[in-house]
Amino acid sequence: MKNIKTTKRLITSALPYVNNIPHLGNLIQMLSADVFARFCRSRGYETMYVCGTDEYGTATETKALQDKKTPRELCDYYYEIHKDIYNWFNIAFDKFGRTSNEECTEITQSIFNDLDKNGFIKEHTSQQLFCPKCNMFLADRYVDGTCPKCGADDARGDQCDTCGTLLDPTQLIAPRCHTCGSTPEVRETKHLYIDLPSIAPKLEEWMKETSEKGKWAANAIQMTKAWIRDGLNERAITRDLKWGIPVPKAGYENKVFYVWFNAPIGYMSITKQLEDELKSSGKKSFDWKKWWLPSEAEEKFSEKDANIELFQFIGKDNIPFHTVVFPCSEIGTGKDYTKLYHMSSTEFLNYESGKFSKSKGTGVFGSDAKESGIPSDGWRFYIYYNRPENQDYQFTWKDFQEKYNKELIGNLGNLVNRTLLFINKNYGGKIPEGKKDEALWAQIEEKEKKATELLEWAEIKDALHTIMEISDIANKAFQAAEPWKTIKTDKAVSDNILYNLAYVIKDLMILLEPYLPTYTQIVAGYLGKKIYSSTFAEPGDETALKWEDLGKLEGLDSISETSVYFTPLDNKSVDAFRAKFAGKQDEKPAAKKENKKKAKKEEPKPALSAEEQIEFFNKNIELRVAKIIDVKPNPEGEKLYIETLDDGSGTPRTIQSGLRMYLKESDLLGKNVVIAANLAPRKMRGVESYGMLLAGDYKDKDGKDCVEVLDVSWAEPGTKVVLEGADENAAKKAEITGDEFFSVAINAVNGSVEIAGKKLLAAGKEIKTVNAVNSEIG
């Protein structure tokens, strides 16, 4: 266990763009970091949590033009909206600042100058997309188009969120201006680039050590390794804009820094903002470098005091900028800046059957939550309980109602209300005397230890589920003891369970304060206590309950009058919320038609004729032999296996199959099978699957459902599977959709695998089935 007293926890959450109102998905990172920061303070770490609005760049310039404001006016307007929403959600930042400040300019220019001095800044004339209609060069994120790698039609100019590929806007197929939708043209412009390839060896060395030591999230490790494996490129850090940080280099007076170069530096500048504000108000302050550059801080530290762990909370779309671009900027200065220690990155939260959209009125935004009448702790609970850590998660009102009513109220609220009300009603508010129930506390303490260990590594969701298990254990203990009976027949039993449960509730309030800061303080107040909740700027009550008070059965005496805090959500209210946030109904006819299609199942497309199926297969579908070299269950999917295959390419391929219910791992390991090799990647239960394993189903003699994979043991991995008479070397489509694959019927007919009467061959030999002799193959 690390020495808490000499370890500092520096915490950041992704800087929200200032030019919009944050929705529930946007709030995940700030709320997650808030839980962790509150836990760290209660645990005894010296803690600093900073965040702020990201205010520079094309996004702000464009929005300002649309709203007929100056960029500064726009930022001032939206900053107050953001700040108000985060205050309502009770997020305890040490400082929520802004990037459009002199501190950010000063530190960004200093880091740039160090990079330039060390030879890591290059100058290139490049081609960039220019929108004639908007009369401006387009920043990467303000160009949309089709990804050249995976074919997704919603890729941005800097990155495709579908496949994670790093892009240059000029690589997009059919690019379009994000603002006006017109087609941009390519023009030449001169820019400065950070030389990532030259810094890459030090980055890779740092990443290997830190990602393991700091237990990065799996998606952060995978994406960063992919960037490094594919080779880093020099990356532009200047833009042809007016709203941004000036570039301190001759010849670049009319350019500013690219927002993704200076935005992460904003974490440092916001820390300095806090320092400057405290100094100007005459309060006790600090040197910002104590947190970010200890070796140059005015207040020198011993080696043990400089043990700073940087925890960063971001969405998966921001991973590379925090694990590659920002660390490279720090490393390239030659100075020992505090670098990422633990990356806590999440997938996306979507809304009902689509995505959040402010323009369409779809989804719940921060201002909506505030006006809903549902307490902020209710929203916080739902977001943490369903935090999208391994895969995207869909917010639905039905799910919200279920978690709110059954877990928050039916589990936690039920325990608190029934226990405290019983003591008030039957004991006059005095907690009865009792002794420690060793069996009960053995269960409680085991869960408390597990939750603490999980929170040490910012495992927000799993820790909450573990804490809620404590509430469930206590509810069952209340029920088993039947105090409503034993208070009359065996009062010692009633006394003892209520004595113990009062202290369990005390512990639950300590454990849950990071998640439910308002509710836990209210309940702690019923017990005559406070829960410790300090920030750097405003120290908390040192006598309040902290993490170290877990498991202590002392200090409680009586219960004050209580009231119910959370009230159930009824169906009528939920239906009204669902209708309210379903989006605008005044759609154009084309949009109405499209939505009607989505609401109902589309009519099935006419089946291809036999000739059309053969032609489509020969031109589009690539089947290949692959050897299964590893099989393991997907921990997030009870039906799924994760299989690693040798497909002859030299690079292992990962696919997933739903065979876990039918076949043992040993039934698959080492087999040469047939896979659909050019099927578009698909994420299932947190793992990307690159293809599909072909199999047929059948029933055994007892009528049990069974599955048989296509066995091609005679063919080498990489062998192409073709129809008889077809050209084995014919070019195929680079990638196909699932619908395209299933438009062709592959069947086993009397044991021969065929398409429209033509047999499938591998290395010239017919593929046959043993058991699934008359079966659909898929």
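Taking the six-membered ring where tryptophan is involved, the planes of Phe365 and Phe356 are perpendicular, since the angle between them exceeds 60° and thus also 30°. Between Trp292 and Tyr267, the angle of the ring planes stays under 30°, which puts this pair in the parallel group of the 30/60° scheme. Between Phe36 and Phe39, the two ring planes are tilted [angle within 30° to 60°]. A tilted orientation is assigned to the rings of Phe93 and Tyr49, their planes being inclined by 30° to 60°.
Applying the side-chain hydrogen bond (donor to acceptor under 3.5 Å, both in side chains) test to Tyr17 and every residue at least two apart in sequence or in another chain returns nothing. In this structure, Asp287 has no salt bridge (Lys or Arg N to Asp or Glu O under 4.0 Å) partners at least two apart in sequence or on a different chain.
Salt-bridge annotation for Lys355 and Asp392: absent, with no side-chain N of the basic residue lying under 4.0 Å from a carboxylate O of the acidic one. Ionic pairing of Asp368 and Lys580 is not present here: no N-O contact between side-chain nitrogen and carboxylate oxygen is shorter than 4.0 angstrom. Ion pairing between a basic and an acidic side chain is recognised when a charged N comes within 4.0 Å of a carboxylate O; Glu61 and Lys242 show no such pairing. Using a 4.0 Å cut-off between charged nitrogen and carboxylate oxygen, Asp94 and Arg41 count as a salt-bridge pair. Salt bridge Asp240/Lys255: present, at least one basic N to carboxylate O contact under 4.0 Å.
The minimum heavy-atom distance between Trp216 and Met343, with the atom names listed, is CD1-N, 3.7 Å. Among all heavy-atom pairs drawn from Arg387 and Ala458, the shortest one is NH1-O, 4.1 Å.
For Tyr382 and Phe395, the ring centers are positioned less than 6.0 Å apart.
Thr338 places a side-chain N or O within donor-acceptor distance of the main-chain N or O of Trp291, the cut-off being under 3.5 Å. Using modelled atom types, no side-chain atom of Gln128 and backbone atom of Phe137 make a donor-acceptor pair closer than 3.5 Å. Looking at Thr333, its side chain does come within 3.5 Å of a backbone N or O of Glu330 through a donor-acceptor pair.
For the side-chain hydrogen bond (donor to acceptor under 3.5 Å, both in side chains) with Asn90, the qualifying choice from Thr518, Asp34, Asp377 is Thr518, the only one to do so.
Under a cutoff of 6.0 Å and an axis angle of 45°, Arg98 and Tyr79 form a cation-pi pair. A cation-pi arrangement is present between Lys69 and Tyr77 under the rule of less than 6.0 angstrom and at most 45 degrees off the ring axis.
Side-chain N/O atoms of Tyr86 and His82 include a donor and acceptor closer than 3.5 Å.
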